[in-house]
Amino acid sequence: MRESTTASGDAIIAKARQALDVDGYLELSWTGSFAHYLDIVRRNPKVTRSAFERSYEMILSCGTREYVDNKKKIVHYTFFDDENVGGQDAIYGLDIPLMKLVNMFKSAAKRYGTEKRVILLHGPVGSSKSTIARLLKRGLEEYSRRPEGALYTFGWVRDLDDPDNVVPCPMHEEPLRLVPDHLRPMFATQLSEDRKEDDNPIRIEGDLCPFCRQEFRDALGRYNGDWTRVLNHIRVRRLLLSSQDRVGIGTFQPKDEKNQDSTELTGDINYRKIAEYGSDSDPRAFNFDGEFNIANRGLVEFIEVLKLDVAFLYDLLGARQEHRIKPKKFAQTQIDEVIIGHTNEAEFKRLQNNEFMEALRD
């Protein structure tokens, strides 16, 4: 008679249970009030970093080494060795181009102006353009799970009697954006009290997305302008970037012109909810799920970016130069993300020779 394998199955599950990191899961799933988040900011102001600052420090966190080649000092960034997965996507022989790329991240992190540019990788087939973008996306995912790469977002508790029913911000925005403009200088000063003068200052910048503005206005009206009571409806949570879940990491690829429009970048109307909210200009009846929306706080990759239709390029320029996108029927919405595209050499040369694409060339 064949012996039952139930016991061995239980043993395997028991062994798997021992390998689980429950404490780590709880840390990554942290939720708390807005006041708790302010305590986190005071202890670790880096949670408020911009997307470029986070990306640059993510690359540096893996370490560097220097060597001399033809009397030139070259910096090798260990991040591009992809040691976490055994060098599966390791890049060889491109230390100088990678130095230039990291320098661009550095200047964008310090707000020298390159944060208003699209990063364009171009070169022949097999020159690691897609691999570099893939490394950056995977690196940000892993970095957001580490204590030094932590970042946070928030959601809305519409009914305080049901605190577990939280509606998340669709664009994973920084919780400090909830602070009204006239209170921001005071908050920045208070949060920076214990910081050294050479540290980067805490900045409270940007406006809420249309969805959160609507929720904020409704709550503020309910409490007759008492902003402190509005905070009772805020639940802050740890944000984990994920390409598969489309959280903070976006990818856009050109398709047939007849089957693609710019709403794939900036979101579209949710017609099912129009009956519930009565208007197609109500932000609660809109899906803020375009690639620009979901990539907020992280990175969006444009595959074969120069093959995009002109309508997409207009959205791309506005997103980069103004850090704003224009969802249908809503005001311009602020975004904070790295935009990186790649293309082949032939498309790049055609762009250089196209006088009508001056803005994009710049």
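Computed from a predicted model, the values in this text were never measured in an experiment.
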Any donor-acceptor pair under 3.5 Å from Ser192 side chain to Thr189 backbone: no
Minimum heavy-atom distance between Lys73 and Glu66, given as atom pair plus value: CD-OE1, 3.3 Å
Within-4.5 Å side-chain heavy-atom neighbours: Arg203 and Arg111: yes
Enclosure of Leu183 CG (heavy-atom neighbours >12, cutoff 6.0 Å): yes
In one Ile/Leu/Val/Met/Phe/Trp/Tyr side-chain cluster, 4.5 Å: Ile59, Tyr92: no
Exam field: side chain Arg43 to backbone Leu38, donor-acceptor pair closer than 3.5 Å: no
Heavy-atom closest pair, residues Phe79 and Met58: CE1-SD, 3.2 Å
Heavy-atom pair with the smallest gap, counting every atom of Asn293 and Met171: ND2-SD, 3.6 Å
Distance-only side-chain donor-acceptor flag, Asp95 / His76, under 3.5 Å: yes
Heavy-atom check, side chain of Thr251 versus side chain of Lys137, under 4.5 Å: yes
Hphob cluster co-occupancy, Tyr112 + Phe52, side-chain heavy atoms under 4.5 angstrom: no
Path from Ile234 to Val166 over hydrophobic side-chain contacts below 4.5 Å: yes
More than 12 heavy atoms from other groups under 6.0 Å of CD on Gln244: no
For the student: nearest non-hydrogen atoms of Pro124 and Glu345, plus distance: N-OE1, 4.3 Å
Any Val305 side-chain heavy atom under 4.5 Å of His342 side chain: no
Side chain proximity check, Asn232 to Phe34, heavy atoms < 4.5 angstrom: no
Atom pair CG (Asn296) and CD1 (Ile325), whose distance is rounded to the nearest 0.5 Å: 7.5 Å
Heavy-atom closest contact (Ser55 atom, Leu140 atom, distance): OG-CD2, 3.8 Å
Donor-acceptor under 3.5 Å (Asp336 side chain, Ala51 main chain): yes
Hydrophobic cluster identity match, Val300 and Val338, side-chain contacts under 4.5 Å: no
Asp81 with Arg65: basic N within carboxylate O range, under 4.0 Å: no
Whether His233 and Tyr223 hold their rings parallel, tilted or perpendicular, with breakpoints at 30° and 60°: tilted
Shortest non-hydrogen separation from Arg184 to Val179 and the atoms involved: NE-O, 2.8 Å
Whether Phe330 and Phe286 hold their rings parallel, tilted or perpendicular, with breakpoints at 30° and 60°: perpendicular
Linked, directly or transitively: Leu231 and Val47 (ILVMFWY side chains, under 4.5 Å): yes
Check: Arg177 side chain, Glu205 main-chain N or O, donor-acceptor pair, under 3.5 Å: yes
Lys326 atom NZ: more than 12 heavy-atom contacts under 6.0 Å: yes
Lys72 bridged to Asp69 by N-O distance under 4.0 Å: no
Side-chain heavy-atom pair Tyr143, Arg146 within 4.5 angstrom cut-off: yes
Salt-bridge present (Glu291, Arg246; N to O < 4.0 Å): yes
Electrostatic pair Glu53-Lys46, nearest N-O below 4.0 angstrom: no
Donor-acceptor contact below 3.5 Å, side chain Arg238 vs main chain Ser144: yes
Nearest-0.5 Å distance that lies between atom CZ in Phe154 and atom SG in Cys212: 4.0 Å
Atom pair CG/OG1 of Asn103 and Thr114 - distance to nearest 0.5 Å: 9.5 Å
Spatial distance of atom CD1 (Ile340) from atom CD1 (Ile303) [nearest 0.5 Å]: 11.5 Å
Heavy atoms of other groups near Tyr25 OH, more than 12 under 6.0 Å: no
Flag, side chain of Glu173 to backbone of Cys209, donor-acceptor distance under 3.5 Å: yes
Heavy-atom side-chain contact between Phe105 and Ile119 under 4.5 Å: yes
Any donor-acceptor pair under 3.5 Å from Arg54 side chain to Arg49 backbone: yes
Nearest-0.5 Å distance, OH of residue Tyr77 to SG of residue Cys62: 12.5 Å
side-chain contact (heavy atoms from CB on, under 4.5 Å) evaluation trace for Leu178 with Tyr37: CA-CA 12 Å; Leu178 290 160; Tyr37 178 65; over 6 Å; no
Glu215 vs Arg158, side-chain contact (heavy atoms from CB on, under 4.5 Å): CA-CA, chis, key distance, verdict: CA-CA 8 Å; Glu215 295 287 339; Arg158 289 173 173 169; 2.6 Å; yes
Heavy-atom check, side chain of Glu322 versus side chain of Leu317, under 4.5 Å: no
Pair Arg134 + Glu301: basic N to acidic O under 4.0 Å: no
Evaluation steps, side-chain contact (heavy atoms from CB on, under 4.5 Å), between His36 and Val236: CA-CA 8 Å; His36 290 150; Val236 180; over 6 Å; no
Whether Trp156 and Phe216 hold their rings parallel, tilted or perpendicular, with breakpoints at 30° and 60°: perpendicular
Ser281 side chain vs Lys329 backbone, donor-acceptor pair below 3.5 Å: no
Any side-chain donor near an acceptor of the partner, His323 and Gln334, under 3.5 Å: no
4.5 Å side-chain heavy-atom contact, Asp82 and Arg138: yes
CD1 on Ile269 to NZ on Lys328, rounded to 0.5 Å: 5.0 Å
CA sep, side-chain torsions, deciding dist, call: Thr131, Ile91, side-chain contact (heavy atoms from CB on, under 4.5 Å): CA-CA 8 Å; Thr131 304; Ile91 299 173; 4.1 Å; yes
Aromatic plane relationship, Phe302 with Phe252 - under 30° parallel, 30 to 60° tilted, over 60° perpendicular: tilted
